[in-house]
Visitor: 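Take this structure first; my questions come after.
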Amino acid sequence: DTGVSQDPRHKITKRGQNVTFRCDPISEHNRLYWYRQTLGQGPEFLTYFQNEAQLEKSRLLSDRFSAERPKGSFSTLEIQRTEQGDSAMYLCASSGDFLGELFFGEGSRLTVL
Amino acid sequence: TQLLEQSPQFLSIQEGENLTVYCNSSSVFSSLQWYRQEPGEGPVLLVTVVTGGEVKKLKRLTFQFGDARKDSSLHITAAQPGDTGLYLCAAFYGQNFVFGPGTRLSALP
């Protein structure tokens, strides 16, 4: 399977714990996006990488969120000191073309108790 | 205020009926995309429209981009239960893709 893969698919954690999600994009894609989606809403932009450079980060993203893409391959999204409001589906997408199609992974669903 | 507005928010129809959903904005876009998302999955691209007034057909789905490139519509002919899902419009804005809130369609047998 050469699509976008995300891990874990589901994560249940207690408030205050740290969590990390991993995204493996389509290998030849240099653009990688993270989105957050809550129930009944469209995906909300979090951050964007072109190769290893993080080019944009949403102002809605608190300092508890950090993302990396070392070597321009896989990416990780870490949430520190989780809060119940962080419960959502975290989607990763990659793209090979400027303004081109976004290929999404199946998402990582986070539940904070 | 969202950059992209979608209507209706929810739509429940019977198999065989026709329907239209809308995506509107006050901004002009160079292109607009439509995605469909099924429960527990990521969105999947249906179509990209790039020219004002453009009409694209994908089997029973017809997509139109407004002349002013501010709005778009998706028309489904003879809906089937397999059309059930969340329909999202998206546009490139700044350096990223912005999504509308979606129309949740339920096509009942």
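What you are looking at is a predicted structure, and each value in this text was computed from that prediction instead of being measured. Order of the sequence lines sets the chain letters (A, B, ...), proteins ahead of strands, with each chain counted from 1.
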Visitor: Check whether A:Gln6 gets within reach of chain B through its side chain, its backbone, both or neither, counting any heavy atom under 4.5 Å.
Guide: neither
Visitor: Are B:Ile76 and B:Leu46 in one and the same hydrophobic cluster, where Ile, Leu, Val, Met, Phe, Trp and Tyr link if side-chain heavy atoms are under 4.5 Å apart?
Guide: yes
Visitor: Under 6.0 Å from the CZ atom of A:Arg15, do we count more than 12 heavy atoms belonging to anything else shown?
Guide: no
Visitor: In this structure, would A:Leu46 and A:Leu55 fall into the same cluster of hydrophobic residues linked by side-chain contacts under 4.5 Å?
Guide: no
Visitor: Same cluster or not: A:Val19 versus A:Trp34, using hydrophobic residues (I, L, V, M, F, W, Y) connected whenever any side-chain heavy atoms lie under 4.5 Å apart?
Guide: yes
Visitor: With a 4.5 Å cut-off on heavy-atom pairs, point out which of B:Val98, B:Leu4, B:Val50, B:Asn96 contacts chain A the most.
Guide: B:Asn96
Visitor: Identify which part of A:Glu56 has an atom lying under 4.5 Å from any heavy atom of chain B, answering side chain, backbone, both or neither.
Guide: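 For A:Glu56, the side chain is the part near chain B, not the backbone.
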Visitor: Side chain to side chain contact (heavy atoms under 4.5 Å, CB included) with A:Glu101: which of B:Thr48, B:Val47, B:Leu45?
Guide: B:Leu45
Visitor: Using non-hydrogen atoms and a 4.5 Å limit, figure out which bit of B:Gln6 sits close to chain A: side chain, backbone, both or neither.
Guide: neither
Visitor: Report, as yes or no, whether the 6.0 Å neighbourhood of atom NZ on A:Lys57 holds more than 12 heavy atoms from other residues, nucleotides or ligands.
Guide: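 Counting neighbours around NZ of A:Lys57, more than 12 heavy atoms of other residues, nucleotides or ligands fall under 6.0 Å, so yes.
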Visitor: Count the heavy atoms of every other residue, nucleotide or ligand shown that sit under 6.0 Å from CG of A:Leu113, and state whether that count exceeds 12.
Guide: yes
Visitor: Just wondering, are more than 12 heavy atoms of other shown residues or ligands nearer than 6.0 Å to CZ in A:Phe65?
Guide: yes
Visitor: Taking all atoms of both residues into account, what is the closest heavy-atom pair of B:Leu88 and A:Pro43, and its distance?
Guide: CD1-CD, 3.8 Å
Visitor: Does A:Gln80 have more than 12 heavy atoms from other residues, nucleotides or ligands lying within 6.0 Å of its CD?
Guide: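 Yes, the 6.0 Å shell around CD holds more than 12 heavy atoms from other groups.
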Visitor: With chain A as the partner chain, list the residues of residues 12-21 of chain B whose heavy atoms fall under 4.5 Å from it, by residue number, and write 'none' if nothing qualifies.
Guide: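 Residues in range: none.
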Visitor: Is it the case that one hydrophobic cluster holds both A:Leu77 and A:Met89, taking links as side-chain heavy atoms less than 4.5 Å apart, direct or via other members?
Guide: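 No.
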Visitor: Let me know if B:Phe10 has heavy atoms under 4.5 Å from chain A in its side chain, its backbone, both or neither.
Guide: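 Contact with chain A involves no heavy atom of B:Phe10 at all.
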Visitor: Only heavy atoms, only distances under 4.5 angstrom. Which residues in residues 102-110 of chain A are near chain B?
Guide: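 The stretch touches chain B at A:Leu102, A:Phe104, A:Gly105, A:Glu106.
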Visitor: Examine B:Leu74 and B:Leu11 and state if one hydrophobic cluster contains both, with Ile, Leu, Val, Met, Phe, Trp and Tyr joined whenever side-chain heavy atoms are less than 4.5 Å apart.
Guide: yes
Visitor: Within a reach of under 6.0 Å around CD1 of A:Ile12, are more than 12 heavy atoms found that belong to other residues, nucleotides or ligands?
Guide: no
Visitor: So which heavy atom on A:Leu91 is nearest to which on B:Pro43, and how close?
Guide: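 Taking every non-hydrogen atom into account, CD1-CD, 4.1 Å.
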Visitor: B:Phe99 pairs by ring-ring contact (aromatic ring centres under 6.0 Å, His included) with which of A:Phe45, A:Tyr35, A:Tyr33?
Guide: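 So the option named by the test is A:Tyr35.
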